[in-house]
Structures are given as C-alpha cells and as structure tokens.
Undergrad: 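Please find one structure pasted underneath; my questions will follow.
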Amino acid sequence: MAEKPSVRQESTVDEVRLNARMERGELFAERCPSRQVLNHVTSRWGVLVFVALLQGTHRFSELRRKIGGVSERMLAQTLQNLEQDGFVQRVAYPVVPPHVEYSLTEMGQEVAVQVQQLADWIEVNYTRVLAAAQVNESV
C-alpha cells in the first residue's frame, strides 16, 4: 500500500504546478502576474494608446490630444505601465524644452494589432451593442 503524501509534499506539488502554469501565464490563476499585464493592455487608456501608437511615433502632448478625455496623470501612468511591460519605447532627447517620443516595440506591435481588431469590432458594432443594452433595460 502506498504511503499518503505529507502536507509538505502536497504543498510542494501544488507550488510546482502553479510555477509551471505561470511560466506560460494562466489568467484564471488568482496570483498569476499575467493578470496585471492583461489589465495594462485592456484598460480603457491602454487600448487607446495601443491604437494611437500603431499609427506611428507620438510625443506625449500629441497622444494626449489624440486620446480625448485622458488626464495627463492617467496617460503618464498608462505609458509607464506599458513601457515596463515592454510594449512601449520611450525616447527622451536632451534638448530644451524636453522632447520625449513614444513608439511601440516589436512586442507592442504584436499586441496592438490584436487590440486594434477589438477596437475595430467595437466601432463597427456599437449600434448593435447599444440596441441590445436598450432591450435588456426594458426587460
């Protein structure tokens, strides 16, 4: 008869399984860091930054004008998060006044194409979504 694994052995097995899943990313795992990346990519401002930068390099002020309604603080935070994740490249030029440009990295381009498809679908189908919402409100 086989011995029952100890609590410590079971814990180690669980940790190994979690680590193996996290190497790929497991969005359904509560503690997986991929959830934070998902949040950065799919946030309202993240999506709009990706779509804007897919069109080319922009300065901060250009992005802020292009993305209506975003505060300076939120745009800065969004760009910083996307830069830390490796999606956005920030280049600061040593001139007066300061000149900073943002562009997508190769990985950022890959993600931006996916995000652009979602944004396009939303723009094309928003009337259907609004109609469905109205039907559900009246029920």
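A quick note: this is a predicted structure, and the numbers were derived from the prediction, not measured.
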Undergrad: For Tyr93, enumerate each residue passing the side-chain contact (heavy atoms from CB on, under 4.5 Å) test, keeping only those at least two apart in sequence or located in another chain.
TA: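 Counting only residues at least two positions away or on another chain, Tyr93 forms a side-chain contact (heavy atoms from CB on, under 4.5 Å) with Val91, Val95, His99, Glu101.
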
Undergrad: In a table with atom names and distances, give each donor-acceptor pair under 3.5 Å that connects a side chain of residues 75-86 to protein atoms at least two apart or in another chain.
TA:
{"from": "Thr78", "atom 1": "OG1", "to": "Met74", "atom 2": "O", "distance (Å)": "2.8"}
{"from": "Asn81", "atom 1": "ND2", "to": "Gln77", "atom 2": "O", "distance (Å)": "3.4"}
{"from": "Asp85", "atom 1": "OD2", "to": "His40", "atom 2": "ND1", "distance (Å)": "2.5"}

Undergrad: Can you check whether Phe87 reaches Val41 side chain to side chain, under 4.5 Å on heavy atoms?
TA: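 Of all side-chain heavy-atom pairs linking Val41 with Phe87, at least one is under 4.5 Å.
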
Undergrad: If you measure from OG on Ser71 to CZ on Arg64, what distance do you get to the nearest 0.5 Å?
TA: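 If I round to the nearest 0.5 Å, the distance is 7.0 Å.
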
Undergrad: What's the separation between atom CD in Gln36 and atom CG in Leu38, rounded to the nearest 0.5 Å?
TA: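 One gets 10.5 Å once the value is rounded to the nearest 0.5 Å.
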
Undergrad: Rounded at 0.5 Å granularity, tell me how far CD1 in Ile122 sits from CZ in Arg128.
TA: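 CZ of Arg128 is found 12.5 Å from CD1 of Ile122.
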
Undergrad: If we only count heavy atoms from C-beta on, is the Arg59 to Val100 side-chain gap below 4.5 Å?
TA: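 No, side chains not in contact.
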
Undergrad: Pair Gln109, Leu54 - check side-chain contact (heavy atoms from CB on, under 4.5 Å), show working.
TA: CA-CA 7 Å; Gln109 290 271 345; Leu54 196 55; 3.6 Å; yes

Undergrad: Tell me whether Leu118 is reachable from Val129 by hopping between hydrophobic residues (I, L, V, M, F, W, Y) whose side-chain heavy atoms are closer than 4.5 Å.
TA: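 Yes, same cluster.
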
Undergrad: Of all heavy-atom pairs between Ala112 and Phe50, which one has the smallest distance, and what is that distance?
TA: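 That closest heavy-atom pairing would be CB-CD2, 3.8 Å.
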
Undergrad: Can you tell which of Val115, Leu53, Ile67 makes a side chain to side chain contact (heavy atoms under 4.5 Å, CB included) with Leu48?
TA: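 Of Val115, Leu53, Ile67, side chain to side chain contact (heavy atoms under 4.5 Å, CB included) with Leu48 is met by Ile67 alone.
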
Undergrad: Heavy atoms only: give me the nearest Arg90-Ala92 pair and the separation to one decimal.
TA: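 That would be NH1-CB, 3.9 Å.
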
Undergrad: Minimum heavy-atom separation for Ala52 and His58, please, with both atom names.
TA: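 Heavy atoms only, the tightest pair is O-CE1, 3.3 Å.
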
Undergrad: Are Met107 and Val37 joined in one hydrophobic group, where the rule is that I, L, V, M, F, W and Y side chains link up if heavy atoms are under 4.5 Å apart?
TA: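 Shared cluster, yes.
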
Undergrad: Counting only heavy atoms not in Gln114, do more than 12 fall under 6.0 Å of its CD?
TA: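 Above 12, so yes.
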
Undergrad: Could you state the interatomic distance from CD (Glu72) to CG (Leu63), rounded to the nearest 0.5 Å?
TA: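 These two atoms lie 12.0 Å from each other.
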
Undergrad: Between Arg35 (side chain) and Leu27 (backbone), is there a donor-acceptor pair under 3.5 Å?
TA: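 Judged by distance alone, yes, a pair lies under 3.5 Å.
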
